[in-house]
Amino acid sequence: MANDQIVADDKVIIIHYTLRNSKGEELDTSIGGEPMPYLHGADNIVPGLENQLTGKSVGEKLTVEVTPEEGYGLAEGEGPMPVPRENFEPGVELEVGMNFMAEGPGGQPIPLWIAKIEGEQVYVDTNHPLAGETLYFEVEIVGVREALPVEIAHGHPHGLTGTEHHH
């Protein structure tokens, strides 16, 4: 098979996937919709999945188990902390799992996720919702293309063909 169809760094890989947790529950899938493009080698997907896809080729299907250390990390810290709803922008519809950036004590950005919402209290956590979970991916590689220089510079693909760009 030609090298241009092999998964490698600085290539846009197009996959169909289904993600399940250790209970077998489906957490996410691209089946029935558009396949997902990502820039290989640019930390667009969890390391454990990216490592298993390296060197594979178009048409291959695989099932990959990703440990927490190779996925979203181990759950750390005190867990979800309550923040009054009034501290969020008015009119923004908050949802469990939503990710946003907050400013840390030294001005550094800190990623937070909404863990639960109870009345006027929004519980936020520094852990990704899948931290501590072993993940199971069923993946089919449906396309590989050379990344455009602008995609490499931006660190992500601009859609399936490289012509879409939404920042």
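- Proximity of a side-chain donor or acceptor of Glu86 to a complementary backbone N or O of Pro84 within less than 3.5 Å is not detected.
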**OP:** Show your working on side-chain contact (heavy atoms from CB on, under 4.5 Å) between Glu50 and Tyr38 and close with a plain yes or no.
**Re:** CA-CA 10 Å; Glu50 188 170 65; Tyr38 77 92; 3.9 Å; yes

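- A parallel orientation is assigned to the rings of Tyr72 and His128, their planes being inclined by less than 30° (bins at 30° and 60°).
- Nearest heavy-atom pair across Gly71 and Pro47 is O-CD, 4.0 Å.
- Of the possible donor and acceptor atoms, one in the side chain of Glu60 sits under 3.5 Å from a partner among the backbone N and O of Ser57.
- Here Thr29 contributes atom OG1 and His16 contributes atom NE2; the two are 8.5 Å apart, rounded to the nearest 0.5 Å.
- A salt bridge links Lys11 with Glu146: the closest approach of a Lys/Arg side-chain nitrogen to an acidic carboxylate oxygen falls below 4.0 angstrom.
- Side-chain atoms of Asn99 come within 3.5 Å of backbone atoms of Leu112 as a donor-acceptor pair (strictly under, hydrogens ignored).
- A donor-acceptor distance shorter than 3.5 angstrom exists from the side chain of Asn44 to the backbone of Leu39, with no hydrogens or angles considered.
- Between the side chain of Glu151 and the backbone N or O of His158, at least one donor-acceptor pair lies under 3.5 Å.
- A donor-acceptor pair under 3.5 Å is absent between the side-chain atoms of Asn127 and the main chain of Asp125, judged by distance alone.
- Phe137 has its side chain out of reach of Ile15: every pair of non-hydrogen atoms, C-beta onward, lies at least 4.5 Å apart.
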Subject >> Audit row: Val7, Val144, side-chain contact (heavy atoms from CB on, under 4.5 Å) steps and yes/no >> reply: CA-CA 7 Å; Val7 175; Val144 173; 4.3 Å; yes

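- Atom-to-atom distance recorded for Arg85:CZ and Leu94:CG is 4.0 Å, nearest 0.5 angstrom.
- The structure places OG1 of Thr54 at 3.0 Å from NE2 of His40, a figure rounded to the nearest 0.5 Å.
- At least one side-chain heavy atom of Arg20 sits less than 4.5 Å from a side-chain heavy atom of Glu138.
- Side-chain contact between Glu65 and Thr134: present, with at least one pair of heavy atoms (C-beta onward) separated by less than 4.5 Å.
- Using a 4.5 Å heavy-atom cutoff, the side chains of Ile13 and Ile141 are in contact.
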